[in-house]
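These notes are about the structure you will find just below.
All ligand and atom numbering here is 1-based and tracks the order in the structure.
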Amino acid sequence: MTTRKTQAELSDLHILYQNSVQEVEAEIDFVVATWKQLRQRQVCLLREDFCGTANTSCEWIRRNPVHQAIGVDMDAAVLEWGRKHNLGALTAEQQQRLSLLQDNVLNAELEPVDITLAMNFSYYLFLTRADLLAYFVSARNGLKVDGLLILDSYGGYEAPMELEEPRECDGFTYIWDQAKFNPINSEMDCHIHFEFDDGSRIEKAFSYHWRLWTLPEIQELLLEAGFSTATVYWEGTDEDDEEEGNGIYEPATEGDADAGWIAYIVAENN
Ligand SMILES: C[S@@+](CC[C@H](N)C(=O)[O-])C[C@H]1O[C@@H](n2cnc3c(N)ncnc32)[C@H](O)[C@@H]1O
């Protein structure tokens, strides 16, 4: 007798992650527009720290034939997946413009780049001020004189709460689980679970132990690392629904005390 596999058994974790967590087109739209606002020259080389499957780097490469990218991640298996599925979907010419490096972002020695990206809050994995400062210093050292470091961040009054937040995606439910928050050191355990219509579930598909950093802490550390600016780009409000964002991020010094927000931070080397 053959048993039919469940949807969970038939799924690929990285496909689920890319289809629920990442919005690489919107991310690269922001990067391209921000570079254009701040710099007058052609941008070329992007470094994606904590690149995982290098999905964002692939979008960068697809955008413009002069774009080049280097993805850095210390997990060989996730890089291999990215090489096969994401780089594999690029043309041979596009693949030539993208390289992947298995290394710790703190030690990776690369040629200076125009832009370094650290997305999906990956730098929250650094738990102490000293470690986050060391990362920002090394990121700055890896930039050209007029280079930019672009980060995302999240927060809001629900961010330190222990809760599960389900969201319907195409063919599955994504569940963001803030499992444990320690107010004494601001460290938390978060997981991503996936659930399917046939009732099957992938428990703890991805888990993170990280520190919920605040925007002033991040800005202060960027300036301490030597960046000349550390500007928060805050999302505007939808014209028809005040509860919703409009996807447009602008420099701001004042934001709303929302339940949950995502913001970009742009740090200029010089
Ligand atoms: C939260 S995931 C983010 C993946 C991807 N950047 C994204 O936007 O979805 C974190 C990734 O960072 C990698 N990572 C964690 N610490 C690292 C370090 N010190 N150096 C390089 N990669 C690291 C992990 O292997 C994992 O692929």
As an exercise, identify every atom of ligand 1 less than 4.0 angstrom from a heavy atom of [X].
X	value
M119	6 (N), 8 (O)
G52	27 (O)
D75	25 (O)

To check your reading of the model: name the closest protein heavy atom to [atom], its residue, and the distance in Å.
atom	value
atom 3 (C) of ligand 1	S122 OG, 3.3 Å
atom 19 (N) of ligand 1	N104 OD1, 3.0 Å
atom 20 (N) of ligand 1	V105 N, 2.9 Å
atom 25 (O) of ligand 1	D73 OD1, 2.7 Å

Donor-acceptor pair, N120 side chain versus S122 backbone, under 3.5 Å?
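Pair absent, no side-chain N/O of N120 close to backbone of S122.
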Quick check against the 3.5 Å criterion: does S186 have a side-chain atom that pairs as donor or acceptor with the backbone of P183?
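Not at all, since once roles are kept as given, no pair shorter than 3.5 Å links the two residues.
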Does ligand 1 come near enough to [X] that some N or O of the ligand is less than 3.5 Å from an N or O of the residue?
X	result
D49	no
N120	yes
Y208	no
V78	no
Q22	yes
F50	yes

Within 6.0 Å of CD in Q37, more than 12 heavy atoms from elsewhere:
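Counting other residues, nucleotides and ligands, CD of Q37 exceeds 12 neighbours.
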Could you tell me whether E9 atom CD has more than 12 heavy atoms of other residues or ligands within 6.0 Å of it?
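Yes - once you tally the heavy atoms of other residues, nucleotides and ligands closer than 6.0 Å, there are more than 12.
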One pair to check against side-chain contact (heavy atoms from CB on, under 4.5 Å): M188 and Y208. What are the steps and the verdict?
CA-CA 8 Å; M188 55 193 308; Y208 309 102; over 6 Å; no
Would [X] and [Y] pass as an ion pair if we require N to O under 4.0 Å?
X	Y	value
R129	D131	no
E111	K144	no
D29	R63	yes

Do R167 and Y174 form a cation-pi contact, if we require the NZ or CZ to be under 6.0 Å from the six-membered ring centre and within 45 degrees of the ring's axis?
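Satisfied, under 6.0 Å and within 45°.
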Determine whether any heavy atom of [X] lies closer than 4.0 Å to an atom of ligand 1.
X	answer
Y17	yes
D103	yes
L125	yes
F206	no
V21	no

Using 30° and 60° as the class boundaries, would you call the ring planes of F206 and F194 parallel, tilted or perpendicular?
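Because their plane-to-plane angle is over 60°, the rings of F206 and F194 count as perpendicular.
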Classify the angle between the aromatic ring planes of Y124 and Y154 as parallel (below 30°), tilted (30 to 60°) or perpendicular (above 60°).
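Judged by the thresholds at 30° and 60°, the geometry between Y124 and Y154 is parallel.
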Proximal candidate to atom 17 (C) of ligand 1 [heavy atom criterion; set M74, Q102, Q18]
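Selected option, by shortest heavy-atom distance: M74.
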From the options V137, T229, L151, select the one residue that forms a side chain to side chain contact (heavy atoms under 4.5 Å, CB included) with L222.
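So the option named by the test is L151.
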